[in-house]
Amino acid sequence: MGIEKTLSIIKPDATKRNITGKINSKLEDSGLEIIGQKRILLTKQRAEEFYFVHRERPFYNSLVNYMISGPVVVQVLMGENAVTQNREIMGATDPKEAKVGTIRKEFAKSIEENSVHGSDSLENAKKEIEFFFTNEEIIEN
Ligand code: IDP
Ligand code: MG
């Protein structure tokens, strides 16, 4: 517990549908603060590197191609228990299994095009934040 930082990504299905603000409202309403944010296009190489842990999974190539199919918004979220809090507000990977009120339940199109990424541990959050952000791009209140 305590104040943590975590990495969030608003994925291409959401940027394409112009719902980044709706997703940010969900994040902020849950108490998380967006202390770093930028809209970027991932290259194939960067997307492959980011999802390297999934390289043996059957959906890896499709996932990489989806993640480079449009802009993404990468974000640093901060708050009490931020890693778990963000996973809660995101909802389950498969929107069919996500709880009512979660981002994925409301916005995700499918198990792949599921609108958001969130770090799954504090250790991975640190690595993923460093993957996208310099210290100067993260501004705490
Ligand atoms: P998570 O995003 O909820 O942590 P992971 O298992 O880490 O889920 O998978 C990473 C991403 O890969 C998911 O968010 C989703 O975009 C995609 N993905 C996961 N499982 C499947 C699947 O069974 N089919 C297609 N894409 C999947
Ligand atoms: Mg994951």
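When reading the values below, keep in mind they use all heavy atoms of this one structure, side chains included, and skip hydrogens, waters and symmetry mates. Every value quoted in this text rests on a predicted model; they were computed, and no experiment measured them. For ligands, and for the atoms within them, numbers begin at 1 and follow the listed sequence.
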Where is the nearest protein heavy atom to atom 8 (O) of ligand 1: which residue, which atom, and how far? Thr93 OG1, 3.3 Å

Of all the non-hydrogen atoms in the protein, which one sits nearest to atom 2 (O) of ligand 1, and at what distance? Arg104 NH2, 3.0 Å

Does the side chain of Asp13 come under 3.5 Å of the side chain of Ser115 through a donor N or O and an acceptor N or O? yes

Are the side chain of Ser25 and the backbone of Gly21 linked by a donor-acceptor contact shorter than 3.5 Å? yes

Region of Arg87 that comes within reach of ligand 1 [heavy atoms, distance under 4.0 Å]: side chain

For Asn114, the ligand 1 atoms whose distance to one of its heavy atoms is below 4.0 Å: 13 (C), 14 (O), 15 (C), 16 (O)

Decide whether a cation-pi geometry holds between Arg57 and Phe59; the criteria are a distance under 6.0 Å from NZ or CZ to the six-membered ring centre and an angle within 45° of the ring axis. no

Among protein heavy atoms, which lies nearest atom 19 (C) of ligand 1, and at what distance? Phe59 CZ, 3.5 Å

So which heavy atom in the protein is nearest atom 16 (O) of ligand 1, and how far is it from that ligand atom? Glu112 O, 2.8 Å

Is Val72 reachable from Ile129 through a run of hydrophobic residues whose side-chain heavy atoms are each under 4.5 Å from the next? yes

Cationic tip of Arg46 within the cone over Phe132's six-membered ring, i.e. under 6.0 Å and within 45° of the normal? yes

Group every Ile, Leu, Val, Met, Phe, Trp and Tyr by side-chain heavy-atom contacts under 4.5 Å, then state whether Val76 and Val73 land in the same group. no

Pair Phe50, Phe131 - check ring-ring contact (aromatic ring centres under 6.0 Å, His included), show working. CA-CA 8 Å; Phe50 184 75; Phe131 187 84; 5.6 Å; yes

Looking only at N/O atoms, are His117 and ligand 1 under 3.5 Å apart anywhere? no

Please verify whether a non-hydrogen atom of Glu113 lies at under 4.0 Å from ligand 1. no

Compute the minimum heavy-atom distance from Ile111 to ligand 1 and say whether it is under 4.0 Å. yes

Could you see which bit of His54 sits under 4.0 Å from ligand 1, with heavy atoms only: side chain, backbone, both or neither? side chain

